Amino acid sequence: MTTAAALLERGVFVDGTVQPIAGETLTITNPGTGETVGRVTRAGAEAVDAAVRSAHAAFAEWSRRGYADRGAILRAGSEALRDRVDELIPGLVAEQGKTIREARIELRKAAETLEHYAGLAKEVRAAYVHGLDPGVDGRVLRRPLGVVAAIVPWNFPTTLLSNKLGPALVCGNTVVAKPADTTPFTTLRLAEILTEAGLPPGVLNVVTGTGPEAGEALVTHPLTRKVAFTGSTPTGERVMALAARGTKRVTLELGGSDPMIICDDADLAKAASAASMGRFYNCGQACLAIKRVYVFASVADDVIEAIVAKASRLRVGIGTDERAQLGPMHSERQRQIMEDQIARTLHRGGEIVAGGGRPGDERLARGWFHEPTVVVDPPHDSPMAQEEVFGPALPIWRVRDFDEAIRLANDSPFGLGSSVWTASLDRAERAAAEIDAGYTWVNSPTKVYDELPFGGVGGSGYGKEHGSEALDYYTDQKAVVVRRAITAP
Ligand code: NAD
């Protein structure tokens with residue numbers, strides 16, 4: 001896949017088929033090796049219009065089907081995806097950079113989420129009110145919205161899309177997906193696989209291209225009724241502003257800077273493992289990741305030592321290396337942004353206790369690698385505390401007590417995830433009640449469950465994915481009043 005002979009050339013996916021590559025193109029680069037993976041169509045307004053019209057044309061028939069029917073097609077799609085995981089792994093590793101293990105976990109999770117919503121299809125209920133007035137009953141219908149734009153970033157191209165596809169499709173919407181301009185290939189294959197498994201042509205289309213061109217054309221298209229967006233906070237704000245024209249629905253899953261509080265009564269070894277896993281998984285490029293640790297001063301040295309030991313042991317390597325635990329960052333730009341954040345932070349204070357630079361290994365010189373890095377006690381108004389660090393670098397602060405930990409945890413523009421490690425029920429309950437975030441884990445690694453609603457507050461966004469709650473964001477509720485001709489006695 002990364003050799004010249006296997007270069008991929010693909011166009012947009014419209015009406016159930018990948019179109020021939022056409023017009024201007026984007027070149028896709030392997031973040032681990034710097035080699036060219038292939039080229040895709042750089043879709044402009046015209047290609048986006050064709051995709052949205054295809055989704056709009058498919059809506060009438062798709063939305064008329066029963067929930068169980070749509071759920072069965074989604075289930076077949078999830079099974080087909082699960083069967084193809086091994087086939088998809090090399091492509092995802094090549095375009096995204098992540099390790100084989102991470103690619104496998106991501107693809108399986110994408111299939112699992114589709115399956116979850118296939119199951120929920122038979123559970124969707126609406127409301128009925130008997131006796132609003134004598135002889136008068138009320139119903140609350142759930143109606144699909146129409147064409148949904150699903151815009152996702154490059155860090156988890158398939159799971160972030162299936163979080164949207166599951167509820168959108170089950171509820172009867174049709175979708176135009178836009179992957180990041182650097183990770184189009186797995187998404188195109190996913191659309192083909194779901195279509196082969198029974199999704200009618202037009203129900204899912206994929207436009208490849210840049211955010212300012214394809215993304216904005218999709219958001220502003222008059223037939224787009226909802227934008228389900230995952231990405232950075234500044235882009236989310238722009239998308240929300242653009243969606244105001246036409247009063248389109250918007251859900252925004254944006255950046256995060258999740259705090260983790262480790263108390264003196266916690267299982268320190270488990271907490272250190274969760275911090276390392278939560279920060280360095282996917283090379284630190286996850287919205288939901290441990291991005292700030294607050295540890296009680298009395299146990300801080302032990303915890304810092306344990307986290308540093310874990311970080312230093314991580315094997316940095318190209319994604320295709322079966323032994324690699326930490327792949328490259330996704331792009332040169334992402335690495336530059338993080339290196340700049342670390343430098344600006346250290347300029348203000350704090351101490352590097354692990355990593356801090358690029359690995360010396362010559363074999364990694366052509367990729368965007370960075371050592372797992374730990375910084376202790378930087379000022380709390382420095383970039384590593386106040387900005388989102390989207391890479392393998394973790395700041396840790398020593399705190400006096402629980403009150404200080406909560407105060408600093410909330411001293412951030414973001415509010416996505418959070419976690420607390422303690423043996424005290426009182427502290428756990430306080431963290432759940434007082435941390436401004438969409439999720440709080442107690443003594444648990446930061447695993448996301450399909451069963452629970454997920455979505456941030458503040459700069460982390462608006463609306464929910466996952467859970468049955470997601471269905472509310474892909475349907476309109478309509479009130480119907482029925483007056484019976486014959487009034488019951
Ligand atoms: P980004 O905002 O630059 O891009 C995300 C997507 O939006 C891409 O497909 C991009 O092409 C598109 N886009 C860019 N400009 C656009 C515009 N003007 N109009 C419409 N679409 C546009 O984000 P990124 O840097 O690629 O991704 C990383 C960010 O995503 C991080 O901030 C991360 O925290 C966030 N993220 C959030 C979640 C979540 O669920 N909350 C999950 C994963 C990533």
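Counting convention: from 1, in listed order, for ligands and their atoms alike. Small disclaimer: the values here were computed from a predicted structure and weren't measured. Excluded from the calculations below are hydrogen atoms, water molecules and symmetry mates; all remaining heavy atoms, backbone and side chain alike, are included.
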Using modelled atom types only, decide if a donor and an acceptor are shared between the side chain of [X] and the backbone of [Y] within a distance under 3.5 Å.
X    : Y    : answer
R315 : A324 : no
E102 : T99  : yes
Q386 : D411 : yes
R101 : Q325 : no
D258 : K291 : no

Is ligand 1 under 4.0 Å from a heavy atom in the side chain of [X], in the backbone, in both, or in neither?
X    : answer
L288 : neither
L416 : side chain
T230 : both
L218 : neither
E465 : neither
V152 : backbone

Side chain to side chain donor-acceptor pair (under 3.5 Å) assessment of S468 paired with E123: CA-CA 9 Å; S468 56; E123 288 292 324; over 6 Å; no
Parallel, tilted or perpendicular, as decided by the 30° and 60° cut-offs, for the rings of W397 and Y294: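 Parallel: the ring planes of Y294 and W397 meet at under 30°.
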Below 3.5 Å, N or O to N or O, backbone or side chain included: is there any such pair between [X] and ligand 1?
X    : value
K178 : yes
S460 : no
F390 : no

Check against side chain to side chain donor-acceptor pair (under 3.5 Å), T186 and T158: CA-CA 7 Å; T186 314; T158 62; over 6 Å; no
Hey, does [X] sit under 4.0 Å from ligand 1 if you only count heavy atoms?
X    : answer
F156 : no
A180 : yes
P179 : yes

Closest protein heavy atom (residue, atom, distance) for [atom]:
atom                    : value
atom 32 (O) of ligand 1 : E388 OE1, 2.6 Å
atom 16 (C) of ligand 1 : T235 CG2, 3.3 Å
atom 22 (C) of ligand 1 : G211 CA, 3.4 Å
atom 24 (P) of ligand 1 : W154 NE1, 3.6 Å
atom 27 (O) of ligand 1 : P153 CB, 3.2 Å
atom 18 (N) of ligand 1 : E216 OE2, 2.7 Å
atom 42 (C) of ligand 1 : C287 SG, 2.8 Å
atom 12 (C) of ligand 1 : I151 CG2, 3.7 Å

Which ligand 1 atoms, with their elements, are less than 4.0 angstrom from a heavy-atom of [X]?
X    : result
N155 : 43 (C), 44 (C)
L160 : 42 (C), 43 (C)
G215 : 19 (N), 20 (C), 21 (N)
F229 : 2 (O), 6 (C), 7 (O)

Salt bridge flag under 4.0 Å for residues E332 and R335: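 No.
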Cationic tip of K464 above F454 ring, under 6.0 Å, 45° of axis: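 No, a cation-pi geometry is absent between K464 and F454.
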Any side-chain donor near an acceptor of the partner, T182 and H330, under 3.5 Å: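 A pair is found: one side chain offers a donor N or O, the other an acceptor, under 3.5 Å apart.
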Other residues, nucleotides, ligands: >12 heavy atoms within 6.0 Å of E196 CD: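 Enclosed.
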Derivation of the side chain to side chain donor-acceptor pair (under 3.5 Å) call for E35 and T33: CA-CA 5 Å; E35 290 173 299; T33 63; 3.2 Å; yes
Side chain to side chain donor-acceptor pair (under 3.5 Å) between T210 and E213, intermediate numbers included: CA-CA 5 Å; T210 69; E213 291 168 340; 3.2 Å; yes
Sub-4.0 Å protein heavy atom near atom 4 (O) of ligand 1: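 Within 4.0 Å: no protein heavy atom nearby.
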Inter-residue atom distance Y462.OH - Y473.OH, 0.5 Å rounding: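 So the gap between those two atoms works out to 5.5 Å.
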Closest to atom 30 (O) of ligand 1 (judged by heavy-atom distance), picking from A217, A177, G231: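 The nearest heavy atom belongs to G231.
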